[in-house]
Chemist: 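Below is the structure I would like to discuss, written out as structure tokens.
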Amino acid sequence: MECRYYQKLAGGTVECQLCPHHCHIADGKTGLCRSRRNRGGVLVSEAYGKPCALAIDPVEKKPLYHFHPGTNCLSLACTGCNFRCLNCQNHDISQASPADVDHYDLTPTALVALCQQHHCPGIAYTYTEPLTYLEYVADTARLAHEAGLWNILVTAGYVCLEPLADLLPYLDAANVDLKSFSDDIYRRVSGGSLQPVLDTILAMKQAGVWLELTNLIIPDVNDDMSMIRRMCRWLVDNGLASAPLHFSRFFPRYKMQHLPPTPLYTLQSAERVAREEGIQHVYLGNV
């Protein structure tokens, strides 16, 4: 499947314009996400139509607590991610190429039919980074809407605004992983930057997408309460006081095996700070 967001450059190189990395990709190579490859000067999505994970989940698992609670959704993931989070819990599929992981072959039409077959009212694009296979998500989400199904995006939010704008009309809800409120931490831990994520959150809010936010608190990394206070203040100042905020407990994973689980009192402190700043709905996860 040819990608929709790229530019051809001299010498057969292409520039991917899906996310802020703007990868310059030589012929035969992929971008940082591992799923968008330059084939003879044409950028293709090798993840399109090839979900590597399918499950039926409660919406609360996304986590979404204020969007159709008590209902299920068909969850799917394709390989790939444009972050390199040292603590990734799904690194076996997020940090892999489509060719390296077993997958299903499912067109957008087949996915919608599968959702209806299992009597799920909606589809969740989750587990890895669905924005790296945005074309597949958008095509499926459009057909889902036409069939009366809703669409959930679970994302780290690292995307350019123009591609995001093409997807927003088909999104009903999203959980955005706001990893910290520090550009330095984003760069050191995830290999990205903060501002594009904030831009994504605001674009979703403006488009009327139901938003919930998750902040995984990692000991000695992003557990500074003054930073968490700044994050909560930004949310309130930007009209997101009523958006549920999920503080999630860290457990040792991937390249952060050396760190301990987040103490419960840290999560409780973050909850207190959030409520002091005016966040109306605060939840603690992984406890």
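All values reported here derive from a predicted model rather than from experimental measurement.
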Chemist: Asp223 side chain to Pro219 main-chain N or O, any donor-acceptor pair under 3.5 Å?
Modeler: no

Chemist: If two hydrophobic side chains count as joined below 4.5 Å and joins carry through other members, does Leu111 share a cluster with Val59?
Modeler: no

Chemist: With a 6.0 Å cut-off on ring centres, are Tyr133 and Tyr48 close enough?
Modeler: no

Chemist: Would Glu129 and Ser94 count as a side chain to side chain donor-acceptor pair (under 3.5 Å) here? Give the steps.
Modeler: CA-CA 7 Å; Glu129 179 45 73; Ser94 72; over 6 Å; no

Chemist: To the closest 0.5 Å, what do you measure between CD (Glu271) and CD1 (Ile228)?
Modeler: 12.0 Å

Chemist: Quick check for you: to the nearest 0.5 Å, what is the distance between Arg142 atom CZ and Asn151 atom CG?
Modeler: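 Those atoms lie 11.5 Å apart.
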
Chemist: Do Tyr5 and Val42 share a hydrophobic cluster, counting only Ile, Leu, Val, Met, Phe, Trp and Tyr and linking them when any side-chain heavy atoms are less than 4.5 Å apart?
Modeler: no

Chemist: Is there a side-chain contact between Leu167 and Val137 in this structure, where contact means two heavy atoms from C-beta onward sitting under 4.5 Å apart?
Modeler: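 Touching, per the 4.5 Å side-chain cut-off.
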
Chemist: Taking side chain as C-beta onward, heavy atoms only, is Asp172 less than 4.5 Å from Trp210?
Modeler: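 Side-chain contact under 4.5 Å: no.
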
Chemist: In the structure I gave you, are the side-chain heavy atoms of Arg4 and Pro163 within less than 4.5 Å of one another anywhere?
Modeler: no

Chemist: Hey, are the side chains of Glu277 and Arg229 touching, using non-hydrogen atoms and a 4.5 Å cut-off?
Modeler: yes

Chemist: Closest heavy-atom contact between Cys88 and Tyr254?
Modeler: O-CB, 3.4 Å

Chemist: Take a 6.0 Å sphere around CD of Gln280 and say whether it holds more than 12 heavy atoms from other residues, nucleotides or ligands.
Modeler: yes

Chemist: Check whether Thr200 reaches the backbone of Gly157 with its side chain - one donor and one acceptor, N or O, closer than 3.5 Å.
Modeler: yes

Chemist: Does the side chain of Tyr6 reach to within under 4.5 Å of the side chain of Asn38, using non-hydrogen atoms?
Modeler: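 No, side chains not in contact.
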
Chemist: Could you tell me the separation between the CG atom of Leu284 and the CD atom of Gln268, rounded to the nearest 0.5 Å?
Modeler: 7.0 Å

Chemist: Using 0.5 Å steps for rounding, measure from the OG1 atom of Thr128 to the CG atom of Leu76.
Modeler: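 Result: 8.5 Å between the selected atoms.
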
Chemist: Checking side-chain polar atoms at under 3.5 Å, does His22 have a donor or acceptor matched by the opposite partner on Gln17?
Modeler: no

Chemist: To the nearest 0.5 Å, what is the distance between CG on Asp100 and CG on Asp92?
Modeler: 12.0 Å

Chemist: Any chain of hydrophobic side-chain contacts (each under 4.5 Å) joining Leu211 to Val154?
Modeler: no

Chemist: Is it the case that atom CD in Glu276 sees more than 12 heavy atoms from other parts of the structure closer than 6.0 Å?
Modeler: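 Buried by this count: over 12 neighbours within 6.0 Å.
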
Chemist: With rounding to the nearest 0.5 angstrom, report the CE to CZ distance, Met256 to Arg253.
Modeler: 13.0 Å

Chemist: Before giving the answer on side chain to side chain contact (heavy atoms under 4.5 Å, CB included), spell out for Tyr127 and Ser75 the whole-Å C-alpha distance, their side-chain angles and the decisive distance to 0.1 Å.
Modeler: CA-CA 8 Å; Tyr127 303 143; Ser75 295; 3.3 Å; yes

Chemist: Should the pair Glu135-Arg36 be classified as a salt bridge under the 4.0 Å nitrogen-to-oxygen rule?
Modeler: yes

Chemist: Any donor-acceptor pair under 3.5 Å linking the side-chain atoms of His119 with those of Asn72?
Modeler: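 Not at all, the side chains of Asn72 and His119 share no donor-acceptor pair under 3.5 Å.
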
Chemist: For the hydrophobic clusters of this structure (ILVMFWY residues joined by side-chain heavy atoms under 4.5 Å, transitively), does one cluster hold both Leu32 and Val189?
Modeler: no

Chemist: Would you call Arg188 and Asp184 a salt bridge, taking side-chain N to carboxylate O under 4.0 Å as the test?
Modeler: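 Asp184 and Arg188: salt-bridged.
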
Chemist: Do Asn286 and Ser248 meet the criterion of a side-chain donor-acceptor pair at a distance under 3.5 Å?
Modeler: yes

Chemist: Might you work through the side chain to side chain contact (heavy atoms under 4.5 Å, CB included) test for Glu2 and Leu43, ending with a clear yes or no?
Modeler: CA-CA 6 Å; Glu2 183 176 359; Leu43 189 64; 6.0 Å; no

Chemist: With a 4.5 Å cut-off on side-chain heavy atoms, are Trp150 and Thr71 touching?
Modeler: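 Touching, per the 4.5 Å side-chain cut-off.
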
Chemist: Looking at every non-hydrogen atom in both residues, tell me the closest pair between Lys179 and Asn222 and how far apart they are.
Modeler: O-ND2, 2.8 Å

Chemist: Can you see which heavy atom on Val282 is nearest to which on Ala274, and at what distance?
Modeler: CG2-CB, 3.9 Å

Chemist: Between Glu15 and Lys8, does the salt bridge (Lys or Arg N to Asp or Glu O under 4.0 Å) criterion hold? Intermediate values first, please.
Modeler: CA-CA 6 Å; Glu15 177 185 318; Lys8 295 185 178 183; over 6 Å; no

Chemist: Apply side chain to side chain contact (heavy atoms under 4.5 Å, CB included) to residues Asn87 and Phe250 and explain how you reach the verdict.
Modeler: CA-CA 9 Å; Asn87 59 294; Phe250 164 85; 3.8 Å; yes

Chemist: Could you go through Leu194 and Leu178, starting from their C-alpha distance and side-chain angles, then the distance that decides it, and tell me whether this counts as side chain to side chain contact (heavy atoms under 4.5 Å, CB included)?
Modeler: CA-CA 8 Å; Leu194 171 62; Leu178 184 52; 4.0 Å; yes

Chemist: Is it true that a side-chain atom of Ser180 and a backbone atom of Ser182 form a donor plus acceptor pair closer than 3.5 Å?
Modeler: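 Yes; judged by distance alone, with no hydrogens or angles, the pair exists.
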
Chemist: Over all heavy atoms of both residues, which pair between Pro51 and Leu106 is shortest? Give the atoms and the distance, please.
Modeler: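 Closest approach of Pro51 to Leu106, heavy atoms only: CG-CD1, 4.0 Å.
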
Chemist: Verify the ring-centre separation between His66 and Tyr283: is it less than 6.0 angstrom?
Modeler: yes

Chemist: Indicate, with yes or no, if Leu131 and Leu198 share a hydrophobic cluster defined by side-chain heavy-atom contacts under 4.5 Å among Ile, Leu, Val, Met, Phe, Trp and Tyr.
Modeler: yes

Chemist: Which of these passes side chain to side chain contact (heavy atoms under 4.5 Å, CB included) with Phe247: Thr266, Asn215, Leu213?
Modeler: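 With Phe247 as partner, side chain to side chain contact (heavy atoms under 4.5 Å, CB included) holds for just one option, Asn215.
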
Chemist: Heavy-atom count check: over 12 atoms from other residues, nucleotides or ligands less than 6.0 Å from Gln206 CD?
Modeler: no

Chemist: On a heavy-atom basis, which atom in Asp139 and which in Pro108 lie closest, and how many Å separate them?
Modeler: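 It is CB-CG, 3.9 Å.
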
Chemist: Can a salt bridge be assigned to the pair Lys62 and Asp57 using a cut-off of 4.0 Å between side-chain N and carboxylate O?
Modeler: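 Salt bridge between Lys62 and Asp57, a charged N being under 4.0 Å from a carboxylate O: yes.
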
Chemist: Tell me whether Arg39 is salt-bridged to Glu46, with the criterion being a basic N under 4.0 Å from an acidic carboxylate O.
Modeler: yes

Chemist: Taking side chain as C-beta onward, heavy atoms only, is Ser35 less than 4.5 Å from Cys78?
Modeler: no

Chemist: Over all heavy atoms of both residues, which pair between Ile25 and Cys16 is shortest? Give the atoms and the distance, please.
Modeler: CD1-CB, 4.2 Å

Chemist: Should Arg187 and Ser193 count as side-chain neighbours, where that means a heavy-atom distance under 4.5 Å?
Modeler: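 Heavy-atom side-chain distance check passes, below 4.5 Å.
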
Chemist: What's the verdict on side chain to side chain donor-acceptor pair (under 3.5 Å) for Asp177 and Thr214, showing C-alpha distance, side-chain angles and the deciding distance?
Modeler: CA-CA 5 Å; Asp177 187 5; Thr214 296; 5.8 Å; no

